[in-house]
Amino acid sequence: MSPSAPIYEIYAVKYAGPFIRPLAKVIWNKGWDETIEINYYIWIIKGNGETLVVDCGVAPALAKELQLQGYTNPAKVLARIGIDASHIQKVIVTHINFDHVSGIELFPEATVYVQEKEFNFYMKDPVAQKPPFLMSSDPVSNSYLARLEGTKRLVLVNGDEEILPGIELLLAPGHTPGLQAVAVNTVKGTAILGSDCGHIFRNYAEEIPSCFIVDLVSWMKSYDKLKAKVSSPALLFPGHDIKMLTDYPKVAEDITRLA
Ligand SMILES: [Zn+2]
């Protein structure tokens with residue numbers, strides 16, 4: 001990333017949880033008799049006159065259907081720091097799982113950035129209609145996304161791409177076929193929002209993904225790629241670690257500053 005790139009701040013926004021999970025789900029094949037707490041998040045990247053949202057959270061209707069514990073409409077959480085979801089112009093979707101994309105209708109003006117590989121798999125590949133993939137899919141937001149194809153509101157990203165000076169999307173498959181991480185120039189150097197490439201910090205520290213993995217070999221390569229790009233291991237953020245809420249400066253209820 002160019003040293004002259006603008007500096008951005010990164011915020012974690014918890015919109016649901018905590019949820020208790022078997023540890024073996026979050027750390028692949030480890031701790032079958034242990035449990036761990038996780039949260040659901042979206043993230044904000046702010047700086048140089050821009051406010052970008054990374055992932056959309058879960059829509060209120062689906063949250064109700066799933067009876068999601070500790071849920072607040074992500075748009076309402078964003079309002080606590082003066083962000084109006086209805087006027088956000090850029091949303092990065094890291095991957096097409098319900099907890100990351102279901103709330104897409106909360107951002108009606110946004111241009112949505114998603115990897116072409118991810119989009120084509122979830123929208124067009126018959127395998128995406130098989131039970132293991134349907135378990136983490138939301139048909140409502142998927143059909144909303146499908147309707148955006150061919151409009152100005154959808155940007156299908158092909159691999160690694162700098163979408164603004166100092167903000168680069170990085171193709172990092174493994175958890176899903178075309179997950180993308182987001183590298184951000186911050187005051188501490190290059191930080192990476194890895195989303196569910198790692199569910200918790202331990203996935204990176206121990207080099208073991210979660211059990212939700214479509215391609216273990218690709219995951220190993222993606223992790224090496226992110227590790228090589230990030231300025232320090234502490235700046236590589238996972239998708240669901242409760243530490244993002246508990247261990248960083250609080251700026252409002254359920255919102256912390258990560259970098
Ligand atoms: Zn997730």
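The structure presented is a predicted model; accordingly, all values stated were derived computationally and were not measured. Counting starts at 1 for both ligands and their atoms, in listed order.
For the Zn ion (ligand 1), protein N/O/S neighbours under 2.8 Å (waters excluded) are D99 OD2, H100 NE2, D196 OD2, H240 NE2.
E9 is linked by a salt bridge (charged side-chain N to carboxylate O under 4.0 Å, His left out) to R257, counting only residues two or more places apart in sequence or in another chain.
Aromatic ring orientation, F201 versus Y248: parallel (interplanar angle below 30°, classes split at 30° and 60°).
Taking the side chain as every heavy atom from C-beta outward, S141 and F98 never approach each other to under 4.5 Å.
Among residues at least two apart or in separate chains, side-chain hydrogen bond (donor to acceptor under 3.5 Å, both in side chains) pairs with a member in residues 39-59 are R21-Y40, N39-Y41, E50-K90, D55-T94, D55-H100.
Within a 6.0 Å sphere centred on NZ of K225, heavy atoms belonging to other residues, nucleotides or ligands number more than 12.
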For residues 227-234, which side-chain donor-acceptor pairs fall under 3.5 Å, sequence neighbours excluded?
{"unit_1": "K229", "atom_1": "NZ", "unit_2": "E168", "atom_2": "OE1", "d": "2.6"}
{"unit_1": "S231", "atom_1": "OG", "unit_2": "T190", "atom_2": "N", "d": "2.7"}

